[in-house]
Amino acid sequence: MTLTMLAVFLVHVLLGLPLFISLLATAVVGFMFVDPAMIPRMMPQQFFGGINVFSLMAIPLFILAGNLMNVTRLTDRLMAFAKLLVGHLRGGMGHVNVVSSIFFAGVNGSAVADTSALGSLLVPPMRKEGYSTAFAAGLTAGSSLIGPIIPPSIFMILYASLTNTSVGDLFLAGVFPGLLLGLAFMTMNAWYAWHKGLEKRGGLPSRRELVVTALGALPALVAPFIIVSGIVMGFVTPTESGALTALYVALCGLAQGNLRLNDFWKAMVDTTRLTSAIFLIMAASATISWLLSYAQVPNEFVALLAPYIEQPVVILLLLSLITFVTGMFMEEVSALMLLTPIFSPVAMMAGIDPVHLGIIITLNITIALITPPMGACVFVAAAVSRIEITSLFRTIWPFVVTAILVLILLILFPSLTLWLPTQLG
């Protein structure tokens, strides 16, 4: 049954049908194997039930907050602050690219949005500094992976809804891995700058410049603390935190005179389009997830990995390999929705902390965003950089390998993930 469903899904995707339709067609085939009479009764119920979760309301609100940051030019202030901090170093614009991604990750939580927002602004200056277009586009796509790791994260909210894991703990657990990923890409950029002989541009900023620019970026820098502290301290739910963040960003835009009615409308329209696409995929994926659970597929998977159940590191490496390969050919939200219910029982039996598993799965799914042939961030980076997608596919692999090395570190040393939620959660 499972292999037939996979074949049906791949055929529909190759035919170019919308993803949620491909997923629903796959579910219909699965129900034909289990019990065709369940189709009119269970499919609508599971389709709606998959998105009828209160915590998922946080997703459109965090997306709205990110879109409002763009239209109110708070993103520009973050980039200016990043440029002042690291722009004077060798390979300064590459470092600015990574640091800007770290800042932007604290509000949006979407790698694709990060690539789109920062790529068009940073790739041209990187070219002027002496970077090749391929490396500039690759670094933009690679550093965007920080977005779903540093809180807030759309993927973490989805994982929490599927496993009843604390969103606050997941957000805290993502801080160090996100910073570690940023450090890895900055190290890679520093090596490139040294190898290519790029020169330093500009000197150290004055104290006055640093203070003025920091104050300008302060409203945007405060947003992540509103998100994380409110959830961790139990003052608000993730959904309420998303609403507060969106309201805060909108008020900052109004106070600075950068938010007009047509800008607000554009942010709302963009949010609605992206949210609709995500929720349709989630609903269709939830239908298949329920069907696989009903057919006892997770139990079969547990039995398959039973010989390694006493070796958590081996289990995590195997789960990562499966997730990585799946993410190469499947949209990330649907991959997360389908794999998490299957992986969770295995991880529980192996004694793996669900928070640690959440970060590992999230990073795996995120790496797929820059992995050919389906990596969405690669397509966006190629478009904003005006480079052939095939050329970028050939040069993106060093960034994929760098992210995988960080993933392996997190698997081998769980404390990198669990220390902060243990101390503060």
Side-chain angles (χ1 to χ4, degrees), residues 1-57 59-60 154-155 157-165 272-306 319 322-323 325-349 354 357-358 361 365 368 374:
M1 181 189 83
T2 306
L3 292 177
T4 304
M5 291 173 65
L6 179 60
V8 170
F9 174 77
L10 291 175
V11 168
H12 280 78
V13 169
L14 292 174
L15 288 174
L17 293 175
L19 184 58
F20 82 96
I21 293 179
S22 301
L23 290 166
L24 287 177
T26 304
V28 170
V29 172
F31 275 110
M32 295 297 291
F33 276 93
V34 176
D35 183 1
M38 297 173 68
I39 295 176
R41 176 166 49 91
M42 296 306 301
M43 275 196 67
Q45 179 179 331
Q46 297 304 320
F47 185 87
F48 177 74
I51 55 177
N52 187 28
V53 180
F54 178 73
S55 61
L56 296 182
M57 284 292 294
I59 293 175
I154 294 172
F155 291 159
I157 294 172
L158 287 175
Y159 174 86
S161 71
L162 292 168
T163 60
N164 292 321
T165 306
T272 302
R273 286 175 177 167
L274 182 55
T275 301
S276 300
I278 291 174
F279 272 62
L280 277 173
I281 294 169
M282 284 166 46
S285 299
T287 305
I288 296 180
S289 295
W290 180 88
L291 178 63
L292 294 176
S293 178
Y294 182 82
Q296 303 295 312
V297 171
N299 292 343
E300 296 176 7
F301 189 71
V302 170
L304 186 65
L305 296 183
L319 297 185
I322 295 169
T323 308
V325 174
T326 303
M328 289 178 67
F329 301 98
M330 184 179 289
E331 194 277 334
E332 289 69 33
V333 171
S334 57
L336 180 67
M337 295 284 291
L338 292 174
L339 294 178
T340 299
I342 298 175
F343 287 175
S344 291
V346 179
M348 288 180 62
M349 291 187 66
L357 177 68
I361 290 181
I365 292 293
M374 298 286 287

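Numbers here simply count residues along the sequence, with the first being 1.
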- Message: Show, in sequence, the C-alpha distance, side-chain angles and deciding distance for Leu305 and Met349, and conclude whether the side-chain contact (heavy atoms from CB on, under 4.5 Å) test is met.
- Response: CA-CA 10 Å; Leu305 296 183; Met349 291 187 66; over 6 Å; no
- Do Phe9 and Ile288 have side-chain heavy atoms sitting under 4.5 Å apart? no
- Message: Please report the interatomic distance OG1(Thr287) to CG(Leu292), rounded to the nearest 0.5 Å.
- Response: 11.0 Å
- Is the shortest heavy-atom distance from the side chain of Ser289 to the side chain of Pro341 under 4.5 Å? yes
- Hey, could you give me the CD1/CG distance between Ile361 and Leu339, rounded to the nearest 0.5 Å? 7.5 Å
- Item | Close side-chain approach of Leu23 to Ser334, heavy-atom, < 4.5 Å | yes
- Query: Among all residues two or more places apart in sequence or in another chain, which pass the ring pair (Phe, Tyr, Trp, His ring centres under 6.0 Å) test with Tyr159?
  - Reply: none
- Item | 4.5 Å side-chain heavy-atom contact, Leu357 and Thr165 | no
- Those residues at least two apart in sequence (or on a different chain) that pass side chain to side chain contact (heavy atoms under 4.5 Å, CB included) with Ala160 are Val167, Leu170
- Item | Residues in ring pair (Phe, Tyr, Trp, His ring centres under 6.0 Å) contact with Tyr294, at least two apart in sequence or another chain | Trp290
- Message: Quick one: does any side-chain atom of Ser344 pair with a main-chain N or O of Thr340 as donor and acceptor, under 3.5 Å?
- Response: yes
- Item | Met43 vs Leu24 side-chain heavy atoms within contact, under 4.5 Å | yes
- Item | Sequence-distant partners of Ala25, side chain to side chain contact (heavy atoms under 4.5 Å, CB included), two or more places apart | His12
- Within a strict 4.5 Å, meaning less than it, do heavy atoms of the Met32 and Ile39 side chains meet? yes
- Does Leu56 have any side chain to side chain contact (heavy atoms under 4.5 Å, CB included) partners at least two apart in sequence or in another chain, and if so, which? Val53, Ile59, Ile157, Leu158, Ser161, Phe279, Met282
- Message: When you compare the side chain of Leu336 with that of Glu332, does any pair of heavy atoms fall below 4.5 Å?
- Response: no
- Task: Compare all side-chain heavy atoms of Asn52 with those of Phe47 and state whether any distance is below 4.5 angstrom.
- Result: no
- Item | Pairwise ring pair (Phe, Tyr, Trp, His ring centres under 6.0 Å) hits with a residue in residues 13-39, at least two apart | none
- Query: Does CE in Met57 sit with more than 12 non-hydrogen atoms of other residues, nucleotides or ligands closer than 6.0 Å?
  - Reply: no
